[in-house]
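Here is the structure we will look at, set down as structure tokens.
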Protein chains: 2
Amino acid sequence: MSKPAWESRRVTIKDIAKAANVDPSTVTRALKDSPRVKPATREKIAGLAAEMGYVPNMAARTLVNRKSGLVGLVIPDMTNPFFRDLAKGIEDEAVKHDLRILINDTRGVESTEREAVNLFLALKVDGLIVPMARCTQQYYEELNAAVPVVHVNRDDTPHHVSCDTVEGSSLVMQHLFELGHSRIGFVRGPAGPGREPKMHAYRTALEARGIDYDPDLIFTFDGTLESSNAITGQLLELDEPPTAVFAHNDVNAIAMIHALRDRGVRVPDDISIAGHDDIQLAGCVDPPLTTVQWPMYELGQQSVRYLYSLGHGQDPREPQVPQPKLVIRESTGNPRVARQVPG
Amino acid sequence: MSKPAWESRRVTIKDIAKAANVDPSTVTRALKDSPRVKPATREKIAGLAAEMGYVPNMAARTLVNRKSGLVGLVIPDMTNPFFRDLAKGIEDEAVKHDLRILINDTRGVESTEREAVNLFLALKVDGLIVPMARCTQQYYEELNAAVPVVHVNRDDTPHHVSCDTVEGSSLVMQHLFELGHSRIGFVRGPAGPGREPKMHAYRTALEARGIDYDPDLIFTFDGTLESSNAITGQLLELDEPPTAVFAHNDVNAIAMIHALRDRGVRVPDDISIAGHDDIQLAGCVDPPLTTVQWPMYELGQQSVRYLYSLGHGQDPREPQVPQPKLVIRESTGNPRVARQVPG
DNA sequence: CGTGTAAATACAAACGTTTGTATTCTGTGA
DNA sequence: TCACAGAATACAAACGTTTGTATTTACACG
């Protein structure tokens, strides 16, 4: 096996300088179009750089700049289409600010999240974007001393972009009430700090209608398919199952619809299911999902802008994102006439 | 607004050295448990480092080591569960080699893929793992001169880990033949280099049975939901639609099943659908999907091992991964008795 | 042909770590 | 008490880039 080519030293600015018979500093300036270098020289250097296959060394750059132009994105589950749209918004906005995005999937594990954050810290990222993190608020407040951190969809932290979670969830509850439901289940997300707005909206809506809160109707979704299946099982085993369920997100809602069908329960005839997020898939499943349209792409964009302000000592303006909207499709309907439980 | 805390300089090895009254080099060695430093000093330094909240500066480290301990993972669609399992295998193996994984989602766009590669190059990654890349074989051969690159599921490149694609696809074809199908559609992946093994298996299987290859039965999936819908539409508009379809992957297969149902076509009664990959969801949809079980996790592990050997000048051993297996579920069945197309 | 000025470029220090080599300890045995 | 080995630590250079300052060059003007 011949000696691998990548062991040979890569071409540096000094190599180019030597080839062009100038000082390294001139090369740097030429490469970033500084007016301090004469056009002819600039072009000669640009040509040489391309020809020699120069790749800048970010490590050296980061070292002197004390920042990398990188933004770390810490997501709990890259498989959730929600994060794809978010990431898209983030990346589109990031290029405008000359920032590059690095992704780390924590798989919903808190320790992994910490490791990811540490890696990004060591990488000297300019900022962190953390949608719905697992770690505690306190952790992030401390972290915030080290690097700008903006949260998405979480409003208990110093810096966050979000839209009206309570409003979104209230719309769902109102819709279900209007259809005639009163026994409504609620699936909350992974237990943890900063995720209570949906729950809050749920309870408030119940109260406003004078309906007692029943802890039996509360389930917890951990992001996995199994979890959705398990919830579906629990739910059907109840003496008096709910006639409608407000699911934590669309992934959960869709999985539950499948699980229900497997058990011969029809949606929405036997039970209504509403989701949250309006992922692309939501309109394509059977039945199409009633859900809350959540401006993920915009949230992504705003989080970068926010981060940018933060990193430049500006007081970030309250981000403007569209209000959540209810999208009524076919997974919700009128409840069946209540069967009286015998005895 | 008070001065943001993150503008203050972070604590470096020099700060620790000063605090501990030793030389920076001693701190380095203490922090990496070198036997050259006396246990008492080591502990004192470790304590100080923790107390002062020291975070190593990877840029400086990378600069002197000329490598970062990072591995870049370039994936076309992070939403495909396939890549999640792959990434899991990669990360689990990576920690064993003290490597960290960085992900970049290219959304199937070739130019984005190039940018991602360049970013990783600038970051001085130790290697690249590239499952089913969009760029040409030639590009990667050149790239391979700069950094170790291993491909997953693609066998036209210098270094790759894969398992028997032809075998996996042949199993599907054989299964469909045995059910009595002879008019079988095939959905290929995003057009591009290095993705012909499935196609090859398809055509070979057809030939072996003496069935003519019909270009009308070949469709191209670009990874999106819309694409699956469009294919479904095209397929049904055929004068003589196929009685079975071998889909490029499970995501495609599942989307097609949905699209078919929307149009009132039943699976497998009216048409059989087989997928590829056996993602977690495959067993949970309705009907459960017949598919090829693909050892994604193992491929992930092997790709890191392979990369590691490559990076250490060892001749990498041919990776051993399980053979693909056919998983027969309910989305495939006997064809309906062939309707004769009138005159 | 000087002189002044602006343009173009060179110089040098710094960023935070690592590592090979040199130096200073420490304690032992004669 | 001295020399010596070995342990512990200090020194210094290097990694590739950036940037403020200094130097050289070119040119126009008197």
Out of [options], which has the shortest distance to the side chain of [X]?
| X | options | result |
| --- | --- | --- |
| B:Arg29 | C:dT19, D:dT18, C:dG16 | C:dT19 |
| A:Lys38 | D:dT9, C:dA10, C:dA8 | C:dA8 |
| B:Asp23 | D:dT17, D:dA10, C:dT19 | D:dA10 |
| B:Lys14 | D:dT9, C:dC15, D:dT17 | C:dC15 |

Touch class at under 4.0 angstrom, heavy-atom based, for A:Asn21 against every strand present: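 The residue A:Asn21 makes sugar-phosphate contact but no base contact.
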Touch class at under 4.0 angstrom, heavy-atom based, for B:Thr28 against every strand present: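 Counting heavy atoms under 4.0 Å across all strands, the contact made by B:Thr28 includes a base.
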Between [N] atom [atom2] and [X] atom [atom1], what is the distance in whole Å?
| X | N | atom1 | atom2 | answer |
| --- | --- | --- | --- | --- |
| B:Leu63 | D:dT17 | CG | C1' | 8 Å |
| A:Ile13 | C:dA14 | CD1 | P | 20 Å |
| A:Asn57 | D:dG16 | CG | P | 7 Å |
| A:Met58 | C:dG16 | CE | P | 16 Å |
| B:Lys18 | D:dA10 | NZ | C1' | 15 Å |
| A:Asn65 | C:dG16 | CG | P | 12 Å |
| A:Ile45 | C:dA8 | CD1 | C1' | 11 Å |
| A:Leu123 | C:dC15 | CG | C1' | 16 Å |

Any side-chain N or O of [X] under 4.0 Å from OP1/OP2 of [N]?
| X | N | answer |
| --- | --- | --- |
| A:Lys32 | D:dT19 | yes |
| A:Thr41 | C:dT9 | yes |
| B:Lys124 | D:dC15 | no |
| B:Thr26 | D:dA10 | yes |
| A:Arg66 | C:dG16 | yes |

DNA chain D: 5'-proximal contact among B:Pro35 and B:Ala60 (nearest heavy atom):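 With B:Pro35 and B:Ala60 compared, the 5'-side residue is B:Pro35.
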Does any donor-acceptor pair link the side chain of [X] with the base of [N] at a separation under 3.5 Å?
| X | N | result |
| --- | --- | --- |
| B:Arg61 | D:dG16 | no |
| B:Arg36 | C:dT21 | yes |
| B:Ser25 | D:dC11 | yes |

For the side chain to side chain contact (heavy atoms under 4.5 Å, CB included) test, which of [options] pairs with [X]?
| X | options | value |
| --- | --- | --- |
| A:Lys14 | A:Val11, A:Thr12, A:Ile16 | A:Thr12 |
| B:Leu70 | B:Leu102, B:Thr62, B:Ile101 | B:Leu102 |
| A:Val304 | A:Val161, A:Ile129, A:Val150 | A:Ile129 |

Heavy-atom pair with the smallest gap, counting every atom of A:Arg134 and A:Pro76: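 Closest heavy-atom pair between A:Arg134 and A:Pro76: NH1-CB, 4.0 Å.
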More than 12 heavy atoms from other groups under 6.0 Å of NZ on A:Lys18: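 Counting other residues, nucleotides and ligands, NZ of A:Lys18 stays at 12 neighbours or fewer.
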Residue pair A:Asp15 / A:Tyr54, side-chain donor-acceptor N/O under 3.5 Å: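 There is no such pair (donor and acceptor under 3.5 Å, judged by atom type) between the side chains of A:Asp15 and A:Tyr54.
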